[in-house]
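Given the structure is predicted, the values throughout are model-derived calculations rather than measurements. One-based numbering, in listed order, for ligands and for the atoms of each.
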Amino acid sequence: MKGKKILIGISGSIAAYKIPILVRLLIKQGAEVKIIMTTSATQFVSPLVLGTLSKNPVLVDMTADNTWSNHVMLGRWADIMLIAPASCNTIAKMSNGLCDNLLLAVYLSATCPVFIAPAMDEDMWHHPSLQQNLTRLATYGNRLIQAEFGELASGLTGMGRMAEPETIIENLENFFNDKNALAGKTAIVTAGPTYENLDPVRFIGNYSTGKMGIAIAETLASMGCKVNLILGPTSLSAHHTGISTHRVVSAEQMFQTAVSLFPNQDIAVMAAAVADYTPVNISSEKIKKKDDTFELQLTKTKDILKFLGGIKKNHQVLVGFALENHDEKTYALNKLKEKNADFIVLNSLRDSGAGFATDTNKISIFEQNGTETAYSLKSKTEVASDIVEKIIEGLRLKNNL
Ligand code: CTP
C-alpha cells in the first residue's frame with residue numbers, strides 16, 4: 001500500500017470502531033489516508049483519534065472555519081475511496097444520488113474507484129431495498145467488500161457484520177495488484193447492435209445496448225490494458241481513459257475496423273450483436289408504400305468472430321458470445337469449435353435478468369479444453385470481471401506467464 005492515497009468515508013454505524021485500526025494498518029503500510037465522516041459517525045468514533053492516526057484533519061462539514069471543503073479535489077486526490085462502514089442509510093443515498101453531506105458530495109464527484117464495506121443488522125441486510133441498492137451501486141462500477149456472518153450489535157448472530165480491517169486491506173491490495181495485471185496488453189472489444197440500412201430513414205437493427213461489451217472494455221482498461229472499443233449505434237459510451245472508441249454503424253464497418261486492428265491485439269472480445277443479414281440493395285430514396293406485401297432480399301454479413309478465429313495467432317485470446325433460447329449448450333459448443341474461439345460466453349434468454357438492456361447477466365463460459373463454468377446472476381460489471389479473469393488465465397497459459 002506504499003504511497004497509495006486512500007480516502008475513507010465513515011458513516012454512522014457501530015462498526016466505525018474498527019476504522020482507527022484500519023487507519024493504523026494503512027499508515028503502517030505506507031499509505032496516505034484522509035478521512036471524511038458523517039455527523040452521526042462522529043458519535044461512534046472520535047475525529048480526534050482518526051485525525052491523529054491519519055495525520056490529516058478529519059472533515060465532517062461542507063464548510064469549516066469559513067473555508068469550503070473542496071469535494072471535487074478530494075475525489076481527485078484519492079487513488080481509492082472507501083466507504084466504511086457504509087450504513088443502510090448512506091448506501092440508499094449513494095444509490096439514489098442524494099447529496100446532503102460532505103461524504104455524499106465527495107462520493108458523487110469522485111473519479112477514482114469506490115469500495116463499499118456495508119455494516120448493518122441482519123434484517124436490514126436482507127431487506128430487498130438494501131439488496132437492490134447494492135446491485136445498483138455495482139452497476140455504477142462501485143466495488144463491494146462483502147459483509148460477513150457473525151455477532152451483530154443487536155446481540156443477534158447473522159449477516160451484516162462489516163468485513164474486518166485486514167480483509168478490507170486485502171481487497172484494496174488485490175485491486176492495486178490487478179490494476180497492472182494487463183499493463184502492456186492490447187484488446188479489441190466489439191459491443192452494441194449494428195444497423196443495416198434499407199433506405200435513408202430505415203434500418204434493420206436489434207435491441208442490444210452495448211452494456212455488457214462496455215463493461216468488459218472498462219474492466220480490461222482498469223487493469224492497464226489498452227482497449228479499442230468498436231461500438232455500434234447506442235446512446236451509451238465508455239468513460240475510461242484507457243479506451244479508444246471507434247463508432248461504427250453497419251456489420252461491414254464493424255468487420256473492417258475489427259480486422260484492421262486485430263493483428264496488433266493480445267485479446268479480442270466479440271460482444272456485439274452483429275446483424276447476420278443485410279439488405280442486398282440500399283435504396284438511395286425513401287421506399288414508398290405500394291403493394292400489400294413487400295419483399296426484402298438479404299445477404300449474409302461477414303462473421304467477424306469466425307474470420308478472426310481463422311487468422312488468430314497462438315498468443316492471442318479470442319472470446320465470443322452466444323445468445324440462445326434453446327439447446328444452449330449444444331449451440332455454445334458448436335460456436336466454440338466453428339469459430340475457433342478460446343472462450344464462448346453463453347447467455348440464455350430463458351434466464352430472467354440475462355440478455356439485452358438489463359443491468360444483470362447470468363453466464364456460463366465454455367473453453368477449448370471442454371470445461372464449462374456456470375456463474376450466478378450478477379451485475380454486468382461483476383460478470384465482466386469474471387470474463388476478464390478467464391481471459392487473464394487464457395493469456396497466462398498461452399504465453400507461459
Ligand atoms: N458474430 C460476429 N459477426 C457476425 C455474427 C456474429 O462477430 N456477423 C459474433 C458475435 O459477436 C458473438 C458470436 O459471433 O460473439 C455469436 O453470435 P450469435 O449471433 O449468437 O451467433 P451467430 O454466429 O450469428 O449464429 P446464430 O445467429 O445462428 O445463433
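Two rings, from Phe44 and Tyr17, have their centers 6.0 Å or more apart.
Between Glu338 and Lys306, none of the side-chain N atoms (NZ, or NE/NH1/NH2) sits under 4.0 Å from a carboxylate O, so this pair counts as no salt bridge. Remark: Arg161 does not engage Glu151 in a salt bridge, criterion side-chain N to carboxylate O under 4.0 Å. With respect to Glu367 and Lys390, a salt bridge is recorded, a charged nitrogen being found less than 4.0 Å from a carboxylate O. Using a cutoff of 4.0 Å between basic side-chain nitrogens and carboxylate oxygens, Asp342 and Lys398 are scored as salt-bridged.
Looking at heavy atoms from C-beta onward, Leu296 lies in side-chain contact with Leu198 at the 4.5 angstrom threshold.
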Within the protein, flag every N or O under 3.5 Å from an N or O of ligand 1, and note the pair and distance.
from: ligand 1; atom 1: 3 (N); to: Ile304; atom 2: N; distance (Å): 3.0
from: ligand 1; atom 1: 7 (O); to: Ile304; atom 2: N; distance (Å): 3.4
from: ligand 1; atom 1: 7 (O); to: Leu305; atom 2: N; distance (Å): 2.9
from: ligand 1; atom 1: 8 (N); to: Thr301; atom 2: OG1; distance (Å): 3.4
from: ligand 1; atom 1: 8 (N); to: Lys302; atom 2: O; distance (Å): 3.0
from: ligand 1; atom 1: 11 (O); to: Met270; atom 2: O; distance (Å): 3.3
from: ligand 1; atom 1: 11 (O); to: Ala272; atom 2: O; distance (Å): 2.7
from: ligand 1; atom 1: 14 (O); to: Lys339; atom 2: NZ; distance (Å): 3.0
from: ligand 1; atom 1: 15 (O); to: Met270; atom 2: O; distance (Å): 2.7
from: ligand 1; atom 1: 15 (O); to: Phe321; atom 2: N; distance (Å): 2.8
from: ligand 1; atom 1: 15 (O); to: Phe321; atom 2: O; distance (Å): 3.4
from: ligand 1; atom 1: 20 (O); to: Lys335; atom 2: NZ; distance (Å): 2.9
from: ligand 1; atom 1: 21 (O); to: Lys335; atom 2: NZ; distance (Å): 2.9
from: ligand 1; atom 1: 23 (O); to: Lys339; atom 2: NZ; distance (Å): 2.4
from: ligand 1; atom 1: 24 (O); to: Asp276; atom 2: OD1; distance (Å): 2.8
from: ligand 1; atom 1: 24 (O); to: Asp276; atom 2: OD2; distance (Å): 3.3
from: ligand 1; atom 1: 27 (O); to: Asp276; atom 2: OD2; distance (Å): 2.9
from: ligand 1; atom 1: 29 (O); to: Lys335; atom 2: NZ; distance (Å): 2.8

